[in-house]
Amino acid sequence: MTITQATSAPLIAVVGATGLQGGSVIKALSESGKPYRIRGFTRDATKAAAEALKKQGVEMVTLNLVVENKEEVYKAFAGADYAFLVTSFQEHYSKEREISEGKMLIDATKAAGVKGVVWSGLSNVAKLSGGKYTNVTNFDGKALVTEYGRASGVPLVDVQAGLYYAGFLKGLLVKQPDGTYAISWATKPTTVISMIDVENDFGLYVRWVLEMPVFPDGLEVRTSSENITPEEMARQISEGTGKTVVFKQISVEETAQLLVSLGYPPAGAAEIAEEFLFFDEFGFYGGAETTSTEGLARPTRTFAEFVKGADWSKALV
Ligand SMILES: NC(=O)c1ccc[n+]([C@@H]2O[C@H](COP(=O)([O-])OP(=O)(O)OC[C@H]3O[C@@H](n4cnc5c(N)ncnc54)[C@H](OP(=O)(O)O)[C@@H]3O)[C@@H](O)[C@H]2O)c1
């Protein structure tokens with residue numbers, strides 16, 4: 001445990017501290033031999049996840065990171081040496097809001113004079129697909145924030161998250177009338193997807209960036225715990241849980257309908273469905289290779305290890 005209050009240690013401001021990505025960043029930094037001070041943001045510092053972080057020595061700040069609170073947001077980064085920034089598209093499904101909040105975070109960190117920003121971006125699907133897929137706004141909005149951040153002059157590294165393994169524990173396995181389960185996506189069974197064990201592995205990449213001798217301004221990091229096909233993931237879940245899980249390729253419209261039935265708002269569902277067409281045709285990272293895991297503090301977790309360690313009691317009922 002190396003979270004410290006010593007002012008000689010660098011102060012890392014972490015947005016989304018109680019969430020998957022920010023939580024993973026704090027976990028990875030706390031496992032480091034190097035000492036860090038950590039300031040985490042939440043809208044409610046009394047919630048259990050925030051209390052647990054306080055117990056670890058994280059300074060938790062209650063702040064709603066919206067443009068209406070711009071002044072407080074600027075003040076909140078004061079004194080930070082580095083910042084991890086992530087936007088929460090799933091809170092509102094609005095490209096405009098994601099862009100304005102992302103830009104505000106960049107501006108606030110720049111004003112605070114941080115030595116480096118690690119920004120959780122994604123690729124520009126509209127651009128990479130030559131204008132074919134224009135509805136994947138949660139990717140495109142983040143890519144526009146990346147461009148803004150790079151142009152702003154603040155030293156910035158873009159660490160992109162692969163598709164979460166954890167999605168399988170949150171509704172991506174759908175029970176079929178015959179009692180089996182299906183992963184139903186608008187992609188071929190053999191399409192390789194860059195998947196990430198977000199809780200365990202995402203933060204490793206951020207720590208790797210922060211612990212380089214010189215902050216690698218301009219770097220793009222494409223995270224992946226394993227590059228794996230959906231049919232292989234279905235096979236491994238079956239093997240590891242003893243339940244029958246199959247992969248079914250469905251149309252983009254069916255994928256959107258399925259997501260709506262799982263509780264996604266129609267606009268969000270349509271855009272997530274189109275993501276799968278992009279992955280199928282261009283790859284999760286638009287054809288660019290995933291970043292080598294060689295420099296990471298420990299090996300990333302394979303999908304098989306995730307299957308073995310996960311609690312499937314709610315996902316396979
Ligand atoms: N699902 C995937 O496979 C995948 C893949 C790549 C990228 N992504 C992207 O990942 C992002 C979400 O990151 P995540 O998975 O870490 O989210 P998460 O687990 O849902 O956590 C969201 C975090 O953001 C905080 N937050 C949300 N709105 C806030 C606000 N207005 N002010 C202050 N804090 C706020 C939450 O804090 P409190 O609730 O404590 O306030 C929480 O800590 C999305 O933009 C998504 O597009 C997802």
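For ligands, and for the atoms within them, numbers begin at 1 and follow the listed sequence.
Between Val86 and ligand 1, no pair of N/O atoms sits closer than 3.5 Å. Taking any N or O of Asp44, backbone or side chain, none lies under 3.5 Å from an N or O belonging to ligand 1. Looking at ligand 1, you won't find any N or O of Gly22 less than 3.5 Å from one of its N or O atoms.
When ring centroids are compared, Phe77 and Phe41 come within the 6.0 Å threshold. Ring centers of Phe303 and Phe168: under 6.0 Å apart, within the cut-off. Taking the ring centroids of Tyr82 and Phe215, they lie under the 6.0 Å cut-off.
At a threshold of 4.5 Å between non-hydrogen side-chain atoms, the residues Ile12 and Tyr36 count as touching.
Looking only at atom types and distance, the side chain of Glu226 has no donor-acceptor partner in the side chain of Thr302 under 3.5 Å away. With no hydrogens or angles considered, a side-chain donor-acceptor pair links Asn227 and Ser224 at under 3.5 Å.
Here the heavy atom of the protein found nearest to atom 20 (O) of ligand 1 is Gln90 NE2, 2.9 Å. Here the heavy atom of the protein found nearest to atom 23 (C) of ligand 1 is Gly16 CA, 3.6 Å. Looking at atom 8 (N) of ligand 1, its nearest protein heavy atom turns out to be Tyr164 OH, 3.7 Å. The closest protein non-hydrogen atom to atom 45 (O) of ligand 1 is Thr87 O, 2.6 Å. Distance from atom 19 (O) of ligand 1 to its nearest protein heavy atom, with residue and atom name: Leu20 N, 2.8 Å. Of all protein heavy atoms, the one closest to atom 16 (O) of ligand 1 is Gln21 N, 2.8 Å. For atom 46 (C) of ligand 1, the nearest protein heavy atom (residue, atom name, distance) is Lys142 NZ, 3.7 Å. The nearest protein atom to atom 5 (C) of ligand 1, hydrogens excluded, is given as Gly162 O, 3.2 Å; this is a heavy-atom distance.
In this structure, OG1 on Thr291 lies 5.0 Å from CZ on Arg222, to the nearest 0.5 angstrom. Summarising the geometry, atom CG belonging to Asp44 is positioned 12.5 Å from atom CG belonging to Leu63; distances are rounded to the nearest 0.5 Å. Note that CG of Leu105 is 7.5 Å distant from CD of Glu101, once rounded to the nearest 0.5 Å.
One finds a salt bridge joining Glu281 and Lys132 here, because a Lys/Arg side-chain nitrogen approaches an Asp/Glu carboxylate oxygen to under 4.0 Å.
Atoms of ligand 1 lying under 4.0 Å from at least one heavy atom of Leu65, given by number and element, are 30 (C), 31 (N), 32 (N), 33 (C). Interface of Thr18 with ligand 1, defined as ligand atoms under 4.0 Å from a residue heavy atom, comprises 36 (C), 37 (O), 38 (P), 40 (O), 42 (C), 43 (O). Those atoms of ligand 1 that come under 4.0 Å of a heavy atom in Asn138, given as number and element, are 47 (O). Numbered from 1 in the order shown, with element, the atoms of ligand 1 that lie under 4.0 Å from a heavy atom of Leu163 read 3 (O).
Residues that satisfy the side-chain hydrogen bond (donor to acceptor under 3.5 Å, both in side chains) test with Thr146, not counting sequence neighbours, are Trp119.
Both the backbone and the side chain of Asn64 come within 4.0 Å of ligand 1, counting heavy atoms alone. Residue contacts with ligand 1, taken as heavy atom pairs separated by less than 4.0 Å, involve Leu63 solely via the backbone atoms N, CA, C and O.
Note on ring orientation: taking the six-membered ring where Trp is involved, the planes of Tyr165 and Phe306 are tilted (angle from 30° to 60°). Between Phe284 and Phe279, the angle of the ring planes lies from 30° to 60°, which puts this pair in the tilted group.
Assignment of Gln160 to the shell around ligand 1 is not supported, since no heavy atom sits closer than 4.0 Å. At a 4.0 Å cut-off, not a single heavy atom of Gly23 sits close enough to ligand 1 to count as contact. Heavy-atom separations between Glu98 and ligand 1 include at least one value shorter than 4.0 Å.
Heavy-atom proximity to atom 41 (O) of ligand 1, evaluated over Lys47, Met195, Arg43, is greatest for Arg43.
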